[in-house]
Amino acid sequence: MDEKILSQVDPEISPLLSKFHLVSSSSTDKKTYLKGFLNCLKYARKADVLISYSEYSLSVYYTWLLSLFSRKPFIVVVHHVTEEIRGSNFLRSVIARSKGIICLDNPEVYEELKRLFPNKVILTSTNGVNVEDYYTSEEKICDGIFVGNYGERKGSKYLFQIWEKVNEKIDAKLCIIGKGWSEIPKNSVYYGFVSEKEKIELLAKSKVFVFPSLYEGFALAVAEALSSYLPVVTWDLKWSERYHVAIKVKFPDVDSFAEEVVKLLKDEKLRKSIGEKSREFAKSLSWEKAAEMEREAIYKIIRRL
C-alpha cells in the first residue's frame, strides 16, 4: 500500500483493508521509492504469484519489476483497454511478459486483448456490487445523475447535448459526480469527487441515471445506479449488453436519448416500475460470483506455469 495515499482512503472502504496484510511502499515519492520497493520485494519473494490489479503503467511496471527481482510470475488484470495500452509498445511488451491476463467478461475488451496479445493466455473474471449498501429515498434533489470523470470515453460531450435537449422540454437538474469537469451542462450541479457515503446518498435522491458512455469494462457506476432503484439510460453499444434492464438508445441519437430521459422524469409510476426491475437485476451482480471467477482464473494460469 502506498503510504502516501493510505490516509486518503475513504472511511467507508477502510474496514476492508483489515482483511489484508498491507505492505508499506511508495511508487510516487522518489525519496522513499527504493525503501518501499525493497520492503515489497521482501514479501514478493514469499508469494506464489504477483498480480497487477490495474492495467495502468504505474501498476504494471511496479509489478513487473518486483517479478524480475523476486523471480516470481506475475498476472495483469485489465478492466478495459486504455489508450495507454494501445499507444505504448513498451507497456504492451511488459504485459506480454506476464504469465497471463485476466480481463472483465466483456466481449469487446476480450476480443481487443486477443488481437493485441494473440499468444497470451487471457481468461475472464467480473466485478460486483454490494446491493445492500444502496437504497432509494422519497426525497429527490437530482432529476438526472451522472457518475464519471470528464473525458471522451465517458461520452461527456454527448452529456452536454443530451441535457440541453432535456431542458428544452422540461426544467430538470443534473447532478455530476467525478473529476476533471471544468465546465458542466446547462442546469447542472457539479459535486466533484465525493465519498462513498455521499455518492450513495446522491444516487438515492436521484430520479434517472444518465450515462452516455462510449466504452466500459464492467461499468460499476451502472451497477451502483441499478442497485439504487434507478432507471438507467445509456447507448446501445457492445459494453452495455450486460445490462439488459437498461434503456438503450441507438448511438449517437441524442434526440432519442433526451426523449427517454424526459419520459421517465414525467412518469413517476414508470420510473418506479423500472427501478424495481433495476434493483432485482443488480442482485445478480454479486461479489461472491466475481471472487469465484477470479480465483478460478488465477488458479488456471498458475497451473500452466
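Quick note: numbers below take in every heavy atom, side chains included, and nothing from hydrogens, waters or symmetry partners.
- No donor-acceptor pair under 3.5 Å is formed between the side chain of Tyr110 and the backbone N or O of Leu123.
- No donor-acceptor distance shorter than 3.5 angstrom exists from the side chain of Arg279 to the backbone of Leu226, with no hydrogens or angles considered.
- Taking CD1 of Ile184 as the reference point, atom OG of Ser156 lies at 12.5 Å (rounded to 0.5 Å).
- In this structure, Ile170 is a member of the same hydrophobic cluster as Ile141, with clusters built from ILVMFWY side-chain heavy atoms closer than 4.5 Å.
- Here the side chain of Lys120 pairs a donor or acceptor atom with the backbone of Ala96 at under 3.5 angstrom.
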Starting from the C-alpha separation in whole Å, work towards a yes-or-no answer on side chain to side chain contact (heavy atoms under 4.5 Å, CB included) for Leu104 and Thr124. CA-CA 5 Å; Leu104 294 173; Thr124 60; over 6 Å; no
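- Contact of the Phe209 side chain with the Glu224 side chain is not registered, since no non-hydrogen atoms from C-beta on lie closer than 4.5 Å.
- Without hydrogens or angle criteria, Ser273 side chain to Leu270 main chain gives no donor-acceptor distance under 3.5 Å.
- Between Phe146 and Trp181, the distance from one ring center to the other falls under 6.0 angstrom.
- With respect to Lys114 and Glu111, no salt bridge is recorded, no charged nitrogen being found less than 4.0 Å from a carboxylate O.
- Checked options Asn89, Val94, Ile95; the residue passing with Arg92 is Asn89 (criterion: side chain to side chain contact (heavy atoms under 4.5 Å, CB included)).
- The cationic group of Lys46 lies under 6.0 Å from the six-membered ring centre of Tyr43 and within 45° of the ring axis, placing it in a cation-pi geometry.
- Between Phe211 and Val147, the shortest heavy-atom contact is CE1-O, 3.4 Å.
- When all heavy atoms are compared, the tightest approach of Phe218 to Gly128 is CZ-N, 4.0 Å.
- Placement of Val60 and Tyr56 in two distinct hydrophobic clusters is found when ILVMFWY residues are connected by side-chain heavy-atom separations under 4.5 Å, directly or transitively.
- The local environment of NZ in Lys157 is sparse, with at most 12 non-hydrogen atoms from other residues, nucleotides or ligands closer than 6.0 Å.
- Judged by distance alone, the side chains of Tyr229 and Glu276 never bring a donor and an acceptor atom under 3.5 Å apart.
- With ring centers used as reference points, Phe257 lies 6.0 Å or more from Tyr158.
- Using a 4.5 Å heavy-atom cutoff, the side chains of Leu285 and Val131 are not in contact.
- Cluster annotation: Phe281 and Tyr135 are assigned to the same hydrophobic cluster (Ile/Leu/Val/Met/Phe/Trp/Tyr, side-chain heavy-atom contacts under 4.5 Å, transitive).
- Checked by atom type and distance alone, the side chain of Asp236 never pairs as donor or acceptor with a backbone atom of Val249 at under 3.5 Å.
- Under the 4.5 Å side-chain criterion, counting only non-hydrogen atoms from C-beta, Phe193 is not in contact with Ile177.
- Annotation: the span from Ile145 atom CD1 to Lys140 atom NZ amounts to 10.0 Å, rounded to 0.5 Å.
- Annotation: side chain of His80 is not in contact with side chain of Asn106 (no heavy-atom distance under 4.5 Å).
- In this structure, Glu260 pairs ionically with Lys263, as a charged nitrogen and a carboxylate oxygen lie closer than 4.0 Å.
- The backbone N or O of Ser256 sits less than 3.5 Å from a side-chain atom of Asp253, completing a donor-acceptor pair.
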Take Glu198 and Ser195 through the test side-chain hydrogen bond (donor to acceptor under 3.5 Å, both in side chains) and record every step on the way to the result. CA-CA 5 Å; Glu198 188 174 0; Ser195 68; 4.5 Å; no
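- Both Tyr53 and Val49 sit in one connected hydrophobic cluster of ILVMFWY residues. Membership requires side-chain heavy atoms under 4.5 Å apart, directly or through other members.
- Put simply, the side chain of Trp235 gets close to the backbone of Pro212: a donor and an acceptor are under 3.5 Å apart.
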Does the side chain to side chain contact (heavy atoms under 4.5 Å, CB included) test come out yes or no for Arg242 and Thr126, once each step is laid out? CA-CA 11 Å; Arg242 173 195 311 275; Thr126 192; 3.6 Å; yes
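- Of the options Leu174, Val166, Asp143, a side chain to side chain contact (heavy atoms under 4.5 Å, CB included) to Val261 is made by Val166 and by none of the others.
- The two residues Tyr190 and Gly180 come nearest to each other via the heavy atoms OH-N, 3.5 Å.
- For the atom pair NZ of Lys205 and CD1 of Ile200, the computed distance is 13.0 Å after rounding to the nearest 0.5 Å.
- Residues Val254 and Val208 are members of one and the same hydrophobic cluster, defined by side-chain heavy-atom contacts under 4.5 angstrom among Ile, Leu, Val, Met, Phe, Trp and Tyr.
- The CZ atom of Phe74 lies 7.5 Å from the OG1 atom of Thr63; values are rounded to the nearest 0.5 Å.
- Side-chain contact between Ser67 and Leu50 is present, with at least one heavy-atom pair separated by less than 4.5 Å.
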Would you sort out whether Val121 and Lys300 count as a side chain to side chain contact (heavy atoms under 4.5 Å, CB included), showing the intermediate values? CA-CA 10 Å; Val121 176; Lys300 282 184 177 178; over 6 Å; no
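- The shortest distance between side-chain heavy atoms of Lys186 and Phe160 does not fall below 4.5 Å.
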What do the steps show when you test Glu292 against Lys289 for salt bridge (charged side-chain N to carboxylate O under 4.0 Å, His left out), and what is the final call? CA-CA 5 Å; Glu292 182 57 35; Lys289 175 185 174 183; over 6 Å; no
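- Ion pair Glu241/Lys238 not flagged as a salt bridge, since none of the NZ, NE, NH1 or NH2 atoms sits closer than 4.0 Å to an Asp/Glu carboxylate oxygen.
- More than 12 heavy atoms of other residues, nucleotides or ligands sit less than 6.0 Å from atom CD of Glu168.
- In this structure, Glu280 does not pair ionically with Lys277, as no charged nitrogen and carboxylate oxygen lie closer than 4.0 Å.
- Panel note: side chain Asn167, backbone Ala172; a donor-acceptor pair is recorded below 3.5 Å.
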Thr136/Ser228 under side-chain hydrogen bond (donor to acceptor under 3.5 Å, both in side chains): CA gap, chis, key distance, verdict: CA-CA 6 Å; Thr136 188; Ser228 305; over 6 Å; no
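- Judged purely by distance below 3.5 Å, without hydrogens or angles, the side chains of His79 and Glu55 pair a donor atom with an acceptor atom.
- In this structure, a donor-acceptor pair under 3.5 Å is absent between the side chains of Thr234 and Ser240.
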Between Leu113 and Val78, is a side chain to side chain contact (heavy atoms under 4.5 Å, CB included) present by the stated rule, with each step listed? CA-CA 9 Å; Leu113 285 172; Val78 176; 4.1 Å; yes
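- Arg153 has a carboxylate O that lies under 4.0 Å from a charged side-chain N of Glu216, or vice versa, which qualifies the two as a salt bridge.
- Once rounded to the nearest 0.5 Å, the distance linking CD of Gln161 with CG of Asp255 reads 9.5 Å.
- Listed for the Ser137 side chain is a donor-acceptor partner under 3.5 Å among the backbone atoms of Glu139.
- Counting heavy atoms from C-beta on, the side chains of Glu268 and Lys272 come closer than 4.5 Å.
- For the pair Ile247 and Val232, the minimum side-chain heavy-atom distance is 4.5 Å or more.
- From Ile85, atom CD1 reaches atom OG1 of Thr82 across 4.0 Å, with rounding to the nearest 0.5 Å.
- The cationic atom of Arg86 (NZ for Lys, CZ for Arg) lies less than 6.0 Å from the six-membered ring centre of Tyr215 and within 45° of the ring axis.
- For the pair Ser278 (side chain) and Leu230 (backbone), a donor-acceptor distance under 3.5 Å is present.
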